[in-house]
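Quick notes on the structure that follows.
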Amino acid sequence: MPPSPSHRPSHETFDRILRGSGVAWFCVAAVGQAAFIAFILAFYGVRTVMLNFAAWNDKPLIDGYIAGDSIGNLVFALHVLPAAVMTMCGLMQLTPQLRRARPRLHRWTGRIFLTLAVIEALSGVWLTVVRGTYLSQISAIAILLDAALILIFAGLTLWNAVKRRIERHRIWAMRTFMVASGVWFLRVGIMGWILINQGPVGMNDHMSGPADVVLTFGAYLIPLAILELYLIAGRSQDTIIKALAALTLLGATLFTALGVFGTVALMWLPYLP
């Protein structure tokens, strides 16, 4: 016998479940990104302050420090080091309590986030096109596409802020956060995939295997798609769409947690004292 209307979950219930699943993912992602910030500061930051630039290569890189390439080394530093500040400002932007309690701080961290996101994108393009820092042509295309999306989304975020279209500004800021976090998502995705399959299934050293292709493009397109599903579900009155979005976010949360664990334990901690 079907439940009576009074016993059926209400739209408000599904809305709470949807919001809760979004908060759960953000909390896991925040922990992982905090670890990312700590690694950048502890590994690259310490070596840079000590002027031991060659030690950037203590962790395997495509092209880190190259003797005699002063411009390339400077662009690499501009690409890596500001990522810690950008990530921190991005997390602060997406924290609603901080946005409401400290609007001035919210505006300044937003400006810093957008500025550094643009620097990250442009330096990534330079490293890819000029320095040739990539493993395969497909990975290079993925990097350039991500950079293009960062620049477009950052521009739209700023434009809507200037025009005082606050809700549109908020949505474009979230989209910018997703694509600007592509480097972090890629590492989490790689380790999550490896741990699930107990090995690098569909992957190779040139990042050109079938899984590599999905991961390099999916590092920002999949989070962006999940965000769009979350936004659509938030506006929809269809409880099925809300439930589907909540389940998708739950799966993304579990995968992100696994990927964060693998990234910290296997990618970062082994290279710290």
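In this chain, residues are counted from 1 in sequence order.
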Sequence neighbours left out, what pairs pass ring-ring contact (aromatic ring centres under 6.0 Å, His included) with at least one residue falling in [range]?
range: residues 123-167; result: F153-W172
range: residues 214-253; result: none
range: residues 251-273; result: F36-W268, F39-W268

- Query: If you group Ile, Leu, Val, Met, Phe, Trp and Tyr whenever their side-chain heavy atoms sit less than 4.5 Å apart, what else falls in with I66?
  - Reply: none

- Hits for ring pair (Phe, Tyr, Trp, His ring centres under 6.0 Å) against F185, two or more places apart or cross-chain, chain-then-number order -> none

- Query: Strictly by modelled atom types, are T157 and T176 linked by a side-chain donor-acceptor pair under 3.5 Å?
  - Reply: yes

- Task: Would you please name every residue forming a salt bridge (charged side-chain N to carboxylate O under 4.0 Å, His left out) with R187, sequence neighbours left out?
- Result: none

- Quick one: list whatever passes salt bridge (charged side-chain N to carboxylate O under 4.0 Å, His left out) with D69, sequence neighbours left out. R131

Strictly by side chain to side chain donor-acceptor pair (under 3.5 Å), give each pair with a member in [range] just once, sequence neighbours left out.
range: residues 197-206; answer: N204-S208
range: residues 30-45; answer: Q33-S181
range: residues 245-262; answer: W25-T256

Show the atom names and distances, to 0.1 Å, of all donor-acceptor pairs under 3.5 Å that link a side chain in residues 75-86 to residues at least two apart or in another chain.
unit_1	atom_1	unit_2	atom_2	d
H79	ND1	E120	O	3.2
H79	ND1	S123	OG	2.9

Pairs under 3.5 angstrom only: tabulate donor-acceptor contacts from the side chains of residues 94-106 to other protein residues two or more places apart or in another chain.
unit_1	atom_1	unit_2	atom_2	d
T95	OG1	L91	O	2.8
R99	NH1	Q93	O	3.4
H106	ND1	Q93	NE2	3.2

